[in-house]
Amino acid sequence: LGVKLQQWHLVAGLATDLVFIVALPCVAYAVLLRCDLRQTFALRAPPPLLLGLTLLLAAGGIVANLDLVAQTDFNVSEEQRAQLEEALRGLTSLPLWAKLLLMAALPAICEELAFRGFVLRGLLAEGGPAMAILTSSLLFAVAHLDPVRILPTFFLGVVLGTLSWRAGSLIPAMVLHALYNGAIVAGSELEGVKAWLESEQALPPWARLGGWSCLLVGLGVLAWYRPTPVGAAPAKAECSGRRR
């Protein structure tokens, strides 16, 4: 349905897809189950350390994304490339602030409410964090319907899920998601970056070293950090309308 909406009108379809197909059903279902919404979606203030860590993870995540995409061998024909450019024409005509709102802020809010909010925290209520993070990340990657980006999207989901779980809050994941998307959108507006992307050249060694170093340091801090235990939701005691 989301694909059909975007084929009808890319900008309006994308916004409708994110709000009414991705986020709203999760919120509505939590309300139907009479869940504690603040607990279900982990809407609480995060530790300042992990909120600040999003800058390192965003920088490293972009480099990892570019590297993983470069390692994914998918041949795109000239016809497919032309169709993609035609489909994206509605976005390229938008001002930068509108692109950031549509492709950075809105996905960060809606997708995090769904995948690191309702899905991840629901899985945390039923089992261990490793399986919950991996499962929610796989669903996150598959939902994007893009074989070329399924590996980097899965990897990003793991980072977002781990960050949200460690922080006991959805806010750092939203911030990281927005920074990640926003940097890619803003970077694509720069002529030098655009020319480099179109050339399909490998990352310079200094950029690869710096990006992966940021990512490894950020993940190391996440591994070291020990959060205050927070109950996962939706938990049985907090959703009074849960299955009978």
List the atom pairs, donor and acceptor, that lie under 3.5 Å between side-chain atoms in residues 100-107 and the rest of the protein, sequence neighbours left out.
none

Report all side-chain donor-acceptor pairs from residues 47-57 shorter than 3.5 Å, counting only partners two or more places apart or in another chain.
| unit_1 | atom_1 | unit_2 | atom_2 | d |
| --- | --- | --- | --- | --- |
| Thr54 | OG1 | Leu51 | O | 2.7 |

Kindly list each side-chain donor-acceptor pair under 3.5 angstrom involving residues 134-145, sequence neighbours excluded, with atom names and distances?
| unit_1 | atom_1 | unit_2 | atom_2 | d |
| --- | --- | --- | --- | --- |
| Thr135 | OG1 | Met131 | O | 2.7 |
| Ser136 | OG | Ala132 | O | 2.9 |
| Ser136 | OG | Ile133 | O | 3.1 |
| Ser137 | OG | Ile133 | O | 2.6 |
| Ser137 | OG | Gly157 | O | 3.1 |
| Ser137 | OG | Val158 | N | 3.0 |
| His144 | ND1 | Phe140 | O | 2.7 |

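Annotation for Ile21: hydrophobic cluster partners, listed by chain and number, are Leu1, Leu5 (ILVMFWY side-chain heavy atoms under 4.5 Å, direct or chained). Taking a 4.5 Å side-chain heavy-atom cut-off between Ile, Leu, Val, Met, Phe, Trp and Tyr, the cluster of Trp206 contains only that residue.
Under the 4.5 Å side-chain heavy-atom criterion for Ile, Leu, Val, Met, Phe, Trp and Tyr, Ile171 and Leu176 are members of distinct hydrophobic clusters. The hydrophobic clustering, which links ILVMFWY residues whose side-chain heavy atoms are closer than 4.5 Å, places Val159 and Val119 together. Follow the hydrophobic side-chain contacts under 4.5 Å out from Val217 and you reach Leu215 in the same cluster. Under a hydrophobic clustering in which Ile, Leu, Val, Met, Phe, Trp and Tyr are joined whenever their side-chain heavy atoms come within less than 4.5 Å, directly or via other members, Leu96 and Leu10 fall into the same cluster. Two different hydrophobic clusters hold Val175 and Val185 under the rule that ILVMFWY side chains link at heavy-atom gaps under 4.5 Å.
Here Ala98 pairs with Leu94, Pro95 under the side chain to side chain contact (heavy atoms under 4.5 Å, CB included) rule; sequence neighbours left out. Partners of Ala30 according to the side chain to side chain contact (heavy atoms under 4.5 Å, CB included) rule, which considers only residues two or more places apart in sequence or in another chain, are Cys35, Leu37, Thr40, Phe41, Phe118. Listed by chain and residue number, Arg116 satisfy the salt bridge (Lys or Arg N to Asp or Glu O under 4.0 Å) test with Glu112 (two or more places apart in sequence, or in another chain). Residues meeting the side chain to side chain contact (heavy atoms under 4.5 Å, CB included) test with Ala183, sequence neighbours left out: Ile62.
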Dump the intermediate steps for side-chain contact (heavy atoms from CB on, under 4.5 Å) on Arg149 and Asn65, then the final yes or no. CA-CA 8 Å; Arg149 305 187 67 84; Asn65 179 297; 2.8 Å; yes

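Evaluation of the side chain to side chain donor-acceptor pair (under 3.5 Å) test over residues 98-107, restricted to residues two or more places apart or in two chains, returns Lys99-Glu189. Among pairs with a residue in residues 7-30, none fulfils salt bridge (charged side-chain N to carboxylate O under 4.0 Å, His left out), at least two apart in sequence or across chains. Applying the side chain to side chain donor-acceptor pair (under 3.5 Å) test to pairs two or more places apart or on separate chains, those with a residue in residues 209-221 are Asp67-Trp212.
One N or O on the side chain of Arg166 and one on the backbone of Tyr225 form a donor-acceptor pair closer than 3.5 Å.
Here the side chains of Leu170 and Ser164 are in contact, with some heavy-atom distance below 4.5 Å. In this structure, the side chains of Leu160 and Trp165 stay at 4.5 Å or more apart for every pair of heavy atoms. Annotation: side chain of Gln6 is not in contact with side chain of Val11 (no heavy-atom distance under 4.5 Å).
Nearest heavy-atom pair across Pro46 and Pro172 is CB-CG, 3.4 Å. Closest non-hydrogen pair, Ile109 versus Met174, comes out as O-CE, 3.8 Å. For the pair Leu179 and Ala58, the tightest heavy-atom approach, listed with the atom from each and the gap, is CB-CB, 3.9 Å.
In this structure, the separation between OG1 on Thr16 and CG on Leu24 is 11.5 Å, given to the nearest 0.5 Å.
Within 6.0 Å of OH in Tyr29 there are 12 or fewer heavy atoms belonging to other residues, nucleotides or ligands.
Donor-acceptor pairing under 3.5 Å is recorded for the side chains of Gln39 and Arg44.
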